[in-house]
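In what follows, chains carry the letters A, B, and so on, assigned in the order in which the sequence lines appear, proteins first and then strands, with residues in each chain numbered from 1. It should be emphasised that the depicted structure is a prediction, and the values quoted were computed from it without experimental measurement.
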Amino acid sequence: MFDRSLLARSAVEVAPLLLGAHLVSGDVTLRITEVEAYLGVGEDPGSHSFRGKTRRNEVMFGEPGHLYTYFTYGMHVCANVVCSPAGSASAVLLRAGEIIEGVDVARARRLTSKSDVDLARGPARLVVALGITLADGGADLAAGPLRLELPAEASAHSTSARTGVSGGGGGEAYPWRFWIPGDPTVSPYKAHTPKKRS
DNA sequence: TATGCGATTGCCT
DNA sequence: GGCAATCGCATAG
């Protein structure tokens with residue numbers, strides 16, 4: 001259980017608080033080391049909620065402290081923590097973390113991972129390591145099998161432009177990628193690469 | 001209804 | 001370092 005009001009603030013304020021927080025999923029516990037903030041309707045061109053409510057993003061419009069999952073690239077699932085008051089539709093994407101409990105279980109789920117620091121290094125990998133699926137979307141992180149444990153204070157952190165976001169939501173105008181400096185589980189920064197296909 | 005591309009990853013060269 | 005895999009969603013017609 002945690003104080004839900006802590007999350008009822010802007011994603012940019014919540015993101016540093018999530019750094020160092022623990023996300024417990026059954027036997028596996030993750031220490032979050034890297035996140036990205038996404039704002040609400042009409043505020044943030046990079047956010048799924050920018051153009052309003054749809055079936056996919058409706059969880060973002062609900063209470064803070066719930067899990068927003070989405071499917072992308074035809075094969076990957078990413079997870080967000082919904083924040084800001086209900087209706088504002090902003091969230092924080094969980095990009096990377098360190099498995100601090102249940103490493104053996106995480107390894108079994110991430111057979112392609114060569115070393116333990118890669119187990120949850122990257123948003124789609126993190127989801128797999130924790131055993132999260134699309135069906136977990138909407139789950140309340142304050143109670144239940146998926147549980148978020150917030151630290152008392154925000155960790156020291158660095159910021160930069162968001163990774164992988166194209167168009168108006170990318171670049172220096174939105175320096176909403178947050179990470180714990182020096183942590184080996186933080187994913188390498190990679191600017192958006194334009195799509196090319198025959 | 002049709003079409004293009006994405007908050008990515010891992011294998012290939 | 002480059003690129004294929006793979007499908008739901010948003011946008012255009």
Side-chain angles (χ1 to χ4, degrees), chain A residues 10-12 14-16 18-19 23 30 32-61 66-84 88-97 99 106-138 158-179 184-198:
Chain A
S10 160
V12 177
V14 172
L18 288 177
L19 292 175
L23 184 58
L30 178 88
I32 299 169
T33 58
E34 181 187 357
V35 298
E36 278 177 12
Y38 288 85
L39 270 56
V41 180
E43 300 178 301
D44 176 5
S47 173
H48 284 174
S49 63
F50 180 63
R51 296 173 191 283
K53 192 173 181 176
T54 66
R55 175 146 41 178
R56 173 174 63 158
N57 66 23
E58 63 180 353
V59 173
M60 291 180 74
F61 289 77
H66 288 242
L67 189 71
Y68 167 51
T69 54
Y70 68 90
F71 186 70
T72 191
Y73 285 97
M75 61 184 86
H76 295 304
V77 176
C78 298
N80 303 244
V81 175
V82 176
C83 60
S84 69
S88 51
S90 87
V92 177
L93 170 69
L94 305 180
R95 288 199 57 84
I99 306 293
R107 283 195 195 117
R109 290 176 176 144
R110 295 263 307 115
L111 294 175
T112 57
S113 174
K114 290 190 177 63
S115 74
D116 287 353
V117 299
D118 284 333
L119 286 175
R121 192 183 196 221
R125 294 167 170 180
L126 181 153
V127 162
V128 172
L130 286 175
I132 293 172
T133 68
L134 274 184
D136 293 309
S158 302
T159 66
S160 77
R162 291 182 296 198
T163 300
V165 180
S166 62
E172 314 259 316
Y174 302 88
W176 295 335
R177 173 175 176 251
F178 302 77
W179 73 94
T185 62
V186 172
S187 64
Y189 177 75
K190 207 162 118 189
H192 175 70
T193 52
K195 182 75 166 183
K196 51 191 159 148
R197 191 171 167 180
S198 55

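Side-chain N/O atoms of A:H48 include none lying less than 4.0 angstrom from OP1 or OP2 on C:dC9.
Summarising the geometry, the separation between CG on A:N57 and P on B:dA7 is reported as 13 Å, rounded to the nearest angstrom. Atom pair A:R56:CZ and C:dC7:C1' shows a separation of 12 Å (rounding to whole Å applied).
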Q) Which dot-bracket string describes DNA chain C (Watson-Crick N1-N3 plus N6-O4 or O6-N4, or G-U N1-O2 and O6-N3, all under 3.5 Å; [ ] crossing; | other strand)? A) |||||.||||||.

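B:dA7 has no base stacking with the ring of A:Y70 when judged by centroids under 5.5 angstrom apart and an interplanar angle below 30°. By the 5.5 Å and 30° criteria, A:F71 is not stacked with the base of C:dG8.
At least one cation-pi condition fails for A:R162 and A:F178: the charged atom is not both under 6.0 angstrom from the six-membered ring centre and inside a 45 degree cone around its axis.
Contact record, A:S49 with A:M60: OG-CE, 3.8 Å, taken as the closest heavy-atom pair.
For A:H76, taking side-chain heavy atoms from C-beta onward, the closest of the listed nucleotides B:dA7, B:dT8, B:dC11 is B:dT8.
Evaluation of the side chain to side chain donor-acceptor pair (under 3.5 Å) rule for A:S88 yields A:S84 as partners, not counting sequence neighbours. Residues satisfying the side chain to side chain donor-acceptor pair (under 3.5 Å) criterion with A:R109, sequence neighbours excluded, are absent altogether.
Less than 6.0 angstrom separates the ring centroid of A:Y70 from the ring centroid of A:H48.
Contacts of A:R55 with the nucleic acid, taken as non-hydrogen atoms under 4.0 Å apart, are absent.
A salt bridge between A:E58 and A:K53 is absent, with no side-chain N of the basic residue lying under 4.0 Å from a carboxylate O of the acidic one.
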